[in-house]
Amino acid sequence: MENAKESPYQIIVIGAGAGGLVVAIGAAKAGKKVLLIENGNYGGDCTNFGCIPSKSTIAAAKMAHSLRESSQLGIAMQSKSLSGDNALERTRQIIASIRAHETPEILNGHGVNTLTGLASFIDAHTLSVVKPNGTTTRVKGENIVIATGSHPKIPEIKGIDTVPVLTNETIFDLSEVPKKLAVIGGGPIGCELAQAYHRLGADVTIIHHHENLLNKEVKKAQKVIETTFKNEGIELFLGFHPLFLANDGSNIAITLQQMNNHKKSTLTASHVLVSAGRQPNIANLNLDKVGIKYSDRGILVDAYGRTNLKNIWAVGDVAGRALFTHLAENEARAVLTSLLMPGFLKKKLDRKQPIPRVTYTDPEVASLGLNQEEAEKKYGKRRTAVYTVPFSEVDRAITTGRTEGFVQIVTKKWSSKILGATIVAPPAGEMLMEISTAMYCKLPLRKLASIIHPYPTYSLAIRKAADQWLTATIIPALKKIVGK
């Protein structure tokens, strides 16, 4: 049951995604009079179109792949024929089950008033909200938090508006695994979904204008993923740009052009998934009306998450820093603290702590902080050290048959202060937290060598990297000093 009749509210939150829910529920528990406005499904992108559906689909795809590849572990299967259609239904069921915990009724039980509709600013304290039935209401708030998230960016490709392309907001509605899926974009979302749908039975092609997949990651990580994809049968068109799309009978024809020599190619697909970045959801907010400053990347905020209007705040994707659910929640916690505490106790956004990122391919790619190139540029090559441990040297990886990845940790050379890390492994996302925690607590890498790591685990690769500070940096330096 929605309740938005009483006003003004102490806090109005626009957007019921990860960041918005943190502020709204937290403020309500603190006794504040809160209104949460959402135009779509409560739970935001992560619940409905992002983390939850993608990771549910990835889990099913990983199981399908394990069954097909079981012979590598000495398991003989009579048939390798699998159908992934039921896995898509399972994903929708999981979305529905999690969404059921974020309904207006549940939120009302937490003390949060809710209003479903499209909000836009009238002035710095007043919003106009168009409800689904077309009626309009006005609400007032002392403080307003914008947490409207982002949406898929549709690139300017000739003919793209004439064919039925998919995005992460629509692909999970499919009842059957596509026969032939072309993925435009080789970033994290494109790579995750390409591998997942291929493992569920689709013939998959990735078209990416960069020369490597996951172009924000280190080359070594890119090569592992590209090799994995090729070995699994995913076709890669790297360094290609789609020129135009057209209907070709029951399929979609895609004309490509190679970036370096302008040669053209054509391929067909039953479905096309566009994964070419995201844009902040600001178009309908009427920001110009009240003079809120913004750019193409999102709303501009200060060190506390406030816009140039001091009673209006912005968190998460719409603020344009980095498009991660965990960052949206972190920013929301800081803004919530500032809203609840007296002015002198306001909490700044944590912009010094490196933001961890994980791409949930198999193997996963997890990283944070500076890579080797960035560290050497900032501190100089002689003042930095990089320690790399391949999983071919880690017993747990050998026993599971998954030795294709590595751990790479970037440090200041003599102190072993951790500057960043990249991990490529099946549990890379979980492993990254040891490094992230060490960096947050200012523990140098050498200290991790003294922590007892259970044997055999993937995390022993981190201890092995820590051992290298002594064996590869300190001992050789001592030998030079003593002349041996």
Side-chain angles (χ1 to χ4, degrees), residues 53-77 79-88 91 166 168 171 174 176-208 210-215 217 219-240 254 267-273 275 358-366 390-392 397-398 400-406 423-429 458:
S54 66
K55 278 54 187 179
S56 300
T57 305
I58 287 167
K62 189 172 183 178
M63 178 60 72
H65 181 71
S66 295
L67 290 171
R68 290 193 186 95
E69 300 298 314
S70 60
S71 61
Q72 295 184 10
L73 297 180
I75 305 299
M77 289 186 62
S79 172
K80 291 189 177 182
S81 178
L82 299 170
S83 173
D85 293 345
N86 289 338
L88 305 186
T91 291
L166 300 165
N168 73 295
I171 191 169
L174 296 177
E176 296 180 350
V177 175
K179 288 183 173 60
K180 193 170 185 179
L181 177 66
V183 179
I184 298 177
I189 295 175
C191 285
E192 289 179 5
L193 296 182
Q195 187 183 40
Y197 279 87
H198 180 73
R199 288 179 165 189
L200 290 175
D203 182 3
V204 174
T205 300
I206 298 177
I207 304 160
H208 193 44
H210 288 279
E211 293 294 331
N212 297 101
L213 298 175
L214 302 177
N215 45 285
E217 304 298 339
K219 293 287 185 184
K220 190 176 180 68
Q222 294 170 352
K223 292 302 181 184
V224 171
I225 297 304
E226 288 166 17
T227 299
T228 298
F229 281 15
K230 289 176 182 177
N231 289 341
E232 290 188 15
I234 298 173
E235 189 174 15
L236 303 180
F237 283 85
L238 302 180
F240 280 81
I254 308 169
L267 58 89
T268 59
S270 61
H271 297 74
V272 174
L273 169 65
S275 178
V358 184
T359 300
Y360 295 90
T361 47
D362 184 23
E364 296 174 356
V365 179
F391 280 105
S392 58
I398 294 170
T400 58
R402 299 299 304 273
T403 60
E404 66 270 33
F406 61 91
I423 305 175
V424 180
Y458 281 93

Spacing of [atom1] belonging to [X] relative to [atom2] belonging to [Y], to within rounding of 0.5 Å:
X	Y	atom1	atom2	answer
R199	K62	CZ	NZ	8.0 Å
L174	T91	CG	OG1	11.0 Å
N212	E226	CG	CD	4.5 Å
L273	N168	CG	CG	8.0 Å
L193	L166	CG	CG	10.5 Å
I254	L267	CD1	CG	4.5 Å

Can you confirm whether [X] sits close enough to [Y] that some side-chain heavy atom of one is under 4.5 Å from a side-chain heavy atom of the other?
X	Y	answer
E364	P426	no
I206	F237	no
L214	C191	yes
L181	S270	no
Y197	I234	no
H210	L238	no
Q222	L213	no
K230	L236	yes

**OP:** Go through the side-chain N and O atoms of Q195 and D362 and say whether any donor and acceptor fall under 3.5 Å apart.
**Re:** no
Original post:
Is a side-chain donor-acceptor pair under 3.5 Å present for H208 with N215?
Top reply: yes
**OP:** Return the set of residues passing salt bridge (Lys or Arg N to Asp or Glu O under 4.0 Å) with E192 (not counting sequence neighbours), or none when no residue passes.
**Re:** K55
Between [X] (side chain only) and [Y] (backbone N and O only), is there a donor and an acceptor less than 3.5 Å apart?
X	Y	result
T403	S392	no
T400	A397	yes
H198	E232	yes

Which atom of [X] lies closest to which atom of [Y], heavy atoms considered:
X	Y	answer
G429	V358	CA-CG2, 3.8 Å
R68	G201	NH2-N, 4.3 Å
A202	P178	CB-O, 3.1 Å
V365	A221	CG1-CB, 4.1 Å
F240	I207	O-CG2, 3.9 Å
G190	S275	N-OG, 3.0 Å

Subject >> side chain to side chain contact (heavy atoms under 4.5 Å, CB included) evaluation trace for K180 with T268 >> reply: CA-CA 8 Å; K180 193 170 185 179; T268 59; 4.0 Å; yes
**OP:** Dump the intermediate steps for side chain to side chain contact (heavy atoms under 4.5 Å, CB included) on F229 and T361, then the final yes or no.
**Re:** CA-CA 10 Å; F229 281 15; T361 47; 3.9 Å; yes
Subject >> Within 6.0 Å of CG in N86, more than 12 heavy atoms from elsewhere >> reply: no
Subject >> Residues forming a ring pair (Phe, Tyr, Trp, His ring centres under 6.0 Å) with F391, sequence neighbours excluded >> reply: Y458
Subject >> Full working for side chain to side chain contact (heavy atoms under 4.5 Å, CB included) between I184 and V272 >> reply: CA-CA 7 Å; I184 298 177; V272 174; 3.8 Å; yes
**OP:** Carefully, step by step, assess L200 and T57 under the rule side chain to side chain contact (heavy atoms under 4.5 Å, CB included).
**Re:** CA-CA 9 Å; L200 290 175; T57 305; 3.7 Å; yes
